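These notes are about the structure you will find just below.
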Amino acid sequence: MSSSFDYDLIIVGAGVGGHGAALHAVKSGLKTAIIEAADMGGTCVNRGCIPSKALLAASGRVRELRDRHHLQSFGIQVGDVQFDRSAIADHAGNLVSKIQGDLTNSLTRLGVDTLRGWGKLAGAQKVTVTTADGDKTYTAKDIMLSPGSIPFVPPGIETDGKTVFTSDEAIKLDWLPPWVAIIGSGYIGLEFSDVYTALGCEVSIIEALPQLMPTFDPDIAKIAKRVLIDPRDIDTHVGVIAKTVTPGSPVKIELADLKTQEIVEVLEVDACLVATGRIPATKNIGLESLAIETDRRGFIPVNDRLEVLRDGEPIPHLWAIGDATGKMMLAHAASAQGVVAVENILDHHRTIDYRSIPAAAFTHPEVSFVGMTEPAAQELAEAEGFKIGSVRSYFKANSKALAENESDGLAKVIYRKDTGEILGTHIIGIHAADLIQEVANAIAQGQTVQALSFIVHTHPTLSEVLDEAFKRAEVTT
């Protein structure tokens, strides 16, 4: 390290992305500091992935134990199942505390300096940290921005954190509203509808687009509606927007036609969860000190190396990762970006293939995907002049799924017919979130569907659902 700098690398934001970058930087011999104003671990550890999975695990147990028909199919009978809402909430809170502590300890153990306070750029290779005791400026050869994201609340929606709230508040499970409206049918909306209905709440899902789950592959969305929505205490409103949402008892929601903006219905519910996505937390981080302009949505422009761009050109020694880049707003994508950015700081040229990064909704059953949906793949094929193939295999033909009495599910593999390149895979079914990793790795390694068809899968396991799909694929070279 040059003696003219305080650090080799300063990372602004100690979420999963910043944490992964810091660990890789120290492992690579860089003197590193990380700045955090709030809770160590960012959104994922404190308000996202970790506590939501704890709630889904607990509520999923309640759902399973109350499904007498399912249990009787195994020859099992149980009595009346009760639960303690506050204990379930404590389960999530305790897990957050543990993961947060583990994360903080790992940084300390490896020699990463943690600077508590609000960090913002103060010019080239400078960061100012603001605390209650005042400001202090640090210098570094390289600076990495990892500010994360915050929930997006559309205009017309007023939140009070109690009756109208985002996932940040919902994750605390402070109460169980008898009737809760959820605005948005993406991953967050689906997961919370799973939690709420398992714990006895009635749910109304409001989706602005004409169909539920618009970001999912159409075949998966169709099955998801059948197994995650229709059998449960959920009613849906599609093609309408929540034009106004007013907190109170009851919460008043004015639904308007998406095209005409005319009010078509008024809902009065006990609570409303706003699950309309997330926006980058890029305000007040000093971008103006280097004349950096975000795009219209607030994302920081970066190139494939994750260098921050100004007027289309990289700014020397400035990097950005995570949700604030707008590439893939997933914790594991942020962590991967952090490692790649450090590699490029070290002049080891590396980029990310975002098509190989998987995602999952941890509903019951789970939904997962990697790569492109079939409509997106078809659009690419038409533009580039090749044909796609699409094969499906079903959990109802899988021995392990049948043994578990969890045979409702589908795996769908989309590929190029001429080369066998996998363009995307989508799964709904038991343990779909684990199963998708095999395909994600295959895409990252450039394996074809033909090569995968010869790989031996353990019998009897759920992995054979994918094995069957690979074997069904027909390639015409």
Side-chain angles (χ1 to χ4, degrees), residues 1-2 5-36 40-45 103 106-107 110-115 119-121 123-127 138-149 280-282 285-287 289-290 292 294-295 298-310 312-357 444:
M1 183 186 75
S2 170
F5 295 104
D6 297 317
Y7 293 96
D8 292 319
L9 174 64
I10 290 179
I11 301 166
V12 181
V16 170
H19 176 257
L23 296 187
H24 192 63
V26 171
K27 178 182 176 182
S28 302
L30 300 181
K31 183 180 180 184
T32 304
I34 194 165
I35 302 170
E36 179 55 58
M40 300 294 286
T43 296
C44 170
V45 172
L103 183 149
S106 68
L107 293 173
L110 293 174
V112 177
D113 287 350
T114 300
L115 309 176
K120 59 189 295 186
L121 289 171
Q125 298 172 291
K126 292 181 182 179
V127 177
Y138 299 86
T139 62
K141 186 174 184 294
D142 288 275
I143 293 170
M144 188 182 299
L145 303 175
S146 182
S149 63
T282 49
I285 60 171
L287 298 179
S289 70
L290 290 173
I292 301 165
T294 61
D295 70 9
F299 291 111
I300 299 172
V302 295
N303 60 16
D304 289 344
R305 287 167 46 83
L306 297 166
E307 295 170 295
V308 176
L309 303 178
R310 179 176 55 207
E313 296 297 322
I315 298 173
H317 305 293
L318 185 61
W319 313 79
I321 65 168
D323 287 0
T325 67
K327 300 297 183 183
M328 287 187 84
M329 299 179 82
L330 299 167
H332 48 282
S335 184
Q337 285 180 319
V339 171
V340 165
V342 170
E343 286 288 291
N344 287 318
I345 287 172
L346 298 167
D347 290 328
H348 304 156
H349 182 73
R350 192 176 290 272
T351 59
I352 292 181
D353 176 10
Y354 292 101
R355 197 183 289 177
S356 70
I357 297 179

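Computed from a prediction, not measured in an experiment: that's the story for all the values here.
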Identify the two heavy atoms, one from [X] and one from [Y], that lie closest to each other, and give their separation to 0.1 Å.
X	Y	value
Ala341	Met144	CB-CE, 3.6 Å
Gly338	Ile321	CA-CD1, 3.7 Å
Leu9	Ala25	CD2-CB, 3.7 Å
Gly286	Leu121	O-CB, 3.4 Å
Gly20	Ser335	CA-OG, 4.2 Å
Ser149	Thr43	O-OG1, 3.6 Å

Using side-chain heavy atoms (C-beta onward) and a distance below 4.5 Å, is [X] in contact with [Y]?
X	Y	value
Ile285	Val12	no
Arg350	Val339	no
Asp8	Asp142	no
Ser289	Lys120	no
Pro314	Asn303	yes
His349	Asn344	yes

Going from [atom1] on [X] to [atom2] on [Y], what distance comes out if it is rounded to the nearest 0.5 angstrom?
X	Y	atom1	atom2	answer
Ile34	Leu103	CD1	CG	7.5 Å
Ile292	Leu318	CD1	CG	5.0 Å
Tyr138	Ile143	OH	CD1	13.0 Å
Leu145	Ile300	CG	CD1	5.0 Å
Leu306	Ile352	CG	CD1	5.5 Å
Lys141	Leu30	NZ	CG	9.0 Å

Measure from the side-chain N and O atoms of [X] to the backbone N and O of [Y], and report whether any donor-acceptor pair falls under 3.5 Å.
X	Y	value
Thr282	Gly298	yes
Thr139	Asp6	yes
Glu343	His348	no
Asp323	Gly148	no

Pair Gln337-Trp319, side-chain contact (heavy atoms from CB on, under 4.5 Å): steps then yes or no:
CA-CA 10 Å; Gln337 285 180 319; Trp319 313 79; over 6 Å; no
Report, as yes or no, whether the 6.0 Å neighbourhood of atom CG on Asp353 holds more than 12 heavy atoms from other residues, nucleotides or ligands.
yes
Walk me through whether Val45 and His19 qualify under side-chain contact (heavy atoms from CB on, under 4.5 Å).
CA-CA 11 Å; Val45 172; His19 176 257; over 6 Å; no
Assess whether side-chain contact (heavy atoms from CB on, under 4.5 Å) is satisfied between Leu107 and Leu23, documenting all intermediate values.
CA-CA 7 Å; Leu107 293 173; Leu23 296 187; 4.0 Å; yes
